[in-house]
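Heads up: the structure comes next, in structure tokens.
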There are 2 protein chains.
Amino acid sequence: MYKVKVFVTLRESVLDPQGTAVKSSLHSLSYNEVEDVRIGKYLELTIAKSERDLDVLVKEMCEKLLANTVIEDYRYEVEEVVPS
Amino acid sequence: MYKVKVFVTLRESVLDPQGTAVKSSLHSLSYNEVEDVRIGKYLELTIAKSERDLDVLVKEMCEKLLANTVIEDYRYEVEEVVPS
């Protein structure tokens, strides 16, 4: 069994209004040290072992459903879980 | 300057309807290996150096604004950025 952590972030060139709003809120709480905020999605997938290659599987899922690759980038980390 | 990566996830005991919906969609795309999906937020903060302690600062920001600690957990990673 694998635990796959997927990070989906807006591409650098794409404006992030949600991040801008959070930055303003942090400034109004007097956290003026904050220079930039970018907000993305974080997904934890639990995937059973199968005959399909895990990397191929995760990339397909990201490109078909989890990320919009026109405006978003994704990366992922795989962790093998040994059932106790 | 620091780059702080914040991960906000729903607590284990809290239902995640968004994750359940994504899981169903993945199953309907025939990715039946997927056993569970949990969805959270991923934030990248760029924070300037200041006299305030960074850990205290980040924890305060998370508890006051970025996470709802009643239903969400957070963790973060700090990376020091050397301006080039």
Side-chain angles (χ1 to χ4, degrees), chain A residues 1-12 16 18-54 56-67 72-77 81 83, chain B residues 1-10 12 16 18-67 72-77 81 83:
Chain A
M1 204 165 75
Y2 302 98
K3 191 155 207 167
V4 180
K5 298 174 178 179
V6 181
F7 307 87
V8 179
T9 47
L10 282 172
R11 284 174 185 258
E12 290 247 342
D16 180 2
Q18 197 188 358
T20 310
V22 169
K23 188 174 80 172
S24 306
S25 299
L26 288 170
H27 284 183
S28 68
L29 292 169
S30 80
Y31 298 111
N32 296 306
E33 293 92 339
V34 178
E35 292 181 349
D36 194 29
V37 179
R38 302 282 289 178
I39 298 187
K41 278 177 289 182
Y42 170 65
L43 297 98
E44 283 182 355
L45 310 176
T46 309
I47 301 181
K49 283 192 188 182
S50 76
E51 283 169 16
R52 295 202 265 187
D53 182 76
L54 186 71
V56 173
L57 206 67
V58 174
K59 279 181 194 159
E60 276 183 19
M61 292 194 292
C62 286
E63 303 205 353
K64 283 190 189 166
L65 186 77
L66 305 178
E72 291 171 330
D73 286 320
Y74 67 87
R75 63 190 173 80
Y76 63 89
E77 290 168 9
V81 181
Chain B
M1 204 165 76
Y2 301 99
K3 191 154 209 169
V4 180
K5 297 173 179 180
V6 181
F7 307 86
V8 180
T9 47
L10 281 173
E12 289 246 343
D16 180 2
Q18 198 187 357
T20 310
V22 169
K23 188 175 79 172
S24 305
S25 299
L26 288 170
H27 284 184
S28 69
L29 290 169
S30 80
Y31 298 111
N32 296 306
E33 293 92 338
V34 178
E35 292 180 349
D36 194 32
V37 179
R38 303 281 291 177
I39 298 187
K41 277 177 291 183
Y42 170 66
L43 297 98
E44 284 183 355
L45 309 176
T46 309
I47 301 181
K49 282 192 187 181
S50 76
E51 284 169 14
R52 294 203 264 187
D53 182 75
L54 185 70
D55 279 309
V56 173
L57 207 66
V58 175
K59 279 180 195 159
E60 276 185 19
M61 293 194 292
C62 287
E63 304 205 351
K64 282 190 191 167
L65 186 76
L66 306 178
E72 291 171 329
D73 286 320
Y74 66 88
R75 62 189 174 81
Y76 62 90
E77 290 168 8
V81 181

Residues 56-66 of chain A, side-chain donor-acceptor partners within the protein, below 3.5 Å, at least two apart:
residue	atom	partner	partner atom	Å
A:Glu60	OE1	B:Tyr31	OH	2.6
A:Glu63	OE2	A:Tyr74	OH	2.6
A:Lys64	NZ	B:Tyr31	OH	3.1

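- In this structure, the separation between CG on B:Leu43 and NZ on A:Lys23 is 14.0 Å, given to the nearest 0.5 Å.
- Nearest heavy-atom pair across B:Ser30 and A:Arg52 is O-NH2, 2.7 Å.
- Evaluation of the ring-ring contact (aromatic ring centres under 6.0 Å, His included) rule for B:Tyr2 yields no partner, not counting sequence neighbours.
- For A:Leu29, the part sitting under 4.5 Å from any heavy atom of chain B is the side chain, from C-beta outward, and nothing else.
- The 12-atom threshold is not exceeded at CD of A:Gln18, counting heavy atoms of other residues, nucleotides or ligands nearer than 6.0 Å.
- Contact count versus chain A (heavy atoms, under 4.5 Å) is highest, among B:Ile47, B:Asp36, B:Leu45, for B:Asp36.
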